[in-house]
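Since the structure comes first, as structure tokens, the remarks are kept for the end.
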Amino acid sequence: MFTLIELPYAKDALAPVISAQTLEFHHGKHLQGYVDNLNKLIAGTPFETLPLEEIVKQATGGMFNNAGQILNHNLYFTQFAPKPAVPAGKVVDQIVKQWGSVDAFKDEFVAKGVSLFGSGWVWLSAQEDGSLVITQEAGASNPVTKGLKPLLTFDVWEHAYYLDYQNRRAAHLAELWKIVDWKVVEERYKNKK
Ligand code: MN
């Protein structure tokens, strides 16, 4: 049985970048729906006892879609903070090494989010040697399916931004940098093995 994660901040704490209303629907309705669906789908199957990440790696069809969306949203919702510290740490050092600057990295990340056709996610992930890669994942997919360690993600499904930004996906993605908690990204990077 999977349960809905609790948000590590108040529902109105990320406004105006993400409104309380968007969080009410995104976390309370969309993510809750994926959790309920997955619990129904795995009941009485060998997947019932597997960790979420293993289900994402092994399942197909509706089970993959619902498990992937839970994993994606769990990583997404727990990477934000109302007043995050400035980007720092080994992951930021690696970003500067590969992209030249944090701003250049942000530009490419947002561009890949904007150019993703339809619903999906843009990700920063680590490879086994510690190098970083930005990938686009369609639908419910997650970089763990490619053997990568996911560190940071922006949700480009319309339900993530339509109430606050309507069709302005690029504007929404640019605003999200204000609430990215780089301490969480750093922790994920340090625990990549
Ligand atoms: Mn979403």
Side-chain angles (χ1 to χ4, degrees), residues 2-42 51-53 55-57 59-82 84 106 109-125 134-146 148-181 184-185 188:
F2 292 96
T3 53
L4 183 68
I5 56 153
E6 287 193 24
L7 296 176
Y9 37 76
K11 281 252 167 64
D12 60 358
L14 303 183
V17 178
I18 300 176
S19 69
Q21 190 191 25
T22 288
L23 281 175
E24 290 284 350
F25 281 94
H26 199 183
H27 173 263
K29 303 291 183 193
H30 289 279
L31 181 51
Q32 181 71 64
Y34 298 129
V35 170
D36 293 344
N37 287 341
L38 183 66
N39 283 331
K40 278 183 212 147
L41 290 166
I42 60 174
L52 185 59
E53 204 170 300
I55 300 178
V56 174
K57 286 178 183 170
T60 57
M63 203 186 285
F64 170 79
N65 286 333
N66 285 284
Q69 284 294 71
I70 298 169
L71 181 59
N72 296 344
H73 285 97
N74 287 356
L75 290 164
Y76 174 79
F77 285 125
T78 55
Q79 71 187 8
F80 295 129
K106 287 178 178 176
F109 195 83
V110 167
K112 287 206 163 136
V114 170
S115 66
L116 198 160
F117 186 77
S119 297
W121 303 75
V122 58
W123 293 87
L124 175 69
S125 298
I134 300 172
T135 63
Q136 295 171 317
E137 301 288 340
S141 192
N142 183 290
V144 297
T145 62
K146 298 170 175 165
L148 298 168
K149 163 75 182 181
L151 306 175
L152 169 73
T153 188
F154 286 179
D155 186 346
V156 302
W157 284 59
E158 287 184 346
H159 67 222
Y161 59 88
Y162 224 81
L163 291 172
D164 299 332
Y165 299 81
Q166 295 76 49
N167 62 326
R168 294 175 293 122
R169 185 192 284 187
H172 168 66
L173 299 184
E175 285 295 296
L176 284 178
W177 297 116
K178 292 178 182 170
I179 55 168
V180 168
D181 188 347
V184 172
V185 181
R188 291 174 184 171

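Ligands are counted one by one from 1 in listed order, and the atoms in each one are counted from 1 as well. Being a predicted model, the structure only gives us computed values, none of them experimental.
Between H26 and Y76, the ring planes lie tilted relative to each other; the angle falls in the 30° to 60° range.
Of the charged side-chain nitrogens involved, at least one lies within less than 4.0 Å of a carboxylate oxygen, so that E137 and K146 count as a salt-bridged pair.
The N, O or S atom of H73 with the smallest distance to the Mn ion (ligand 1) is NE2. Counting just the N/O/S atoms of H26, the one with the shortest distance to the Mn ion (ligand 1) is named NE2. In D155, the N, O or S atom that comes nearest to the Mn ion (ligand 1) is OD2.
For H30, every N, O or S atom stays at 2.8 Å or more from the Mn ion (ligand 1).
Residues H27 and F77 place their aromatic rings such that the two centres sit under 6.0 Å apart. Y34 has its ring centre less than 6.0 Å from the ring centre of H73.
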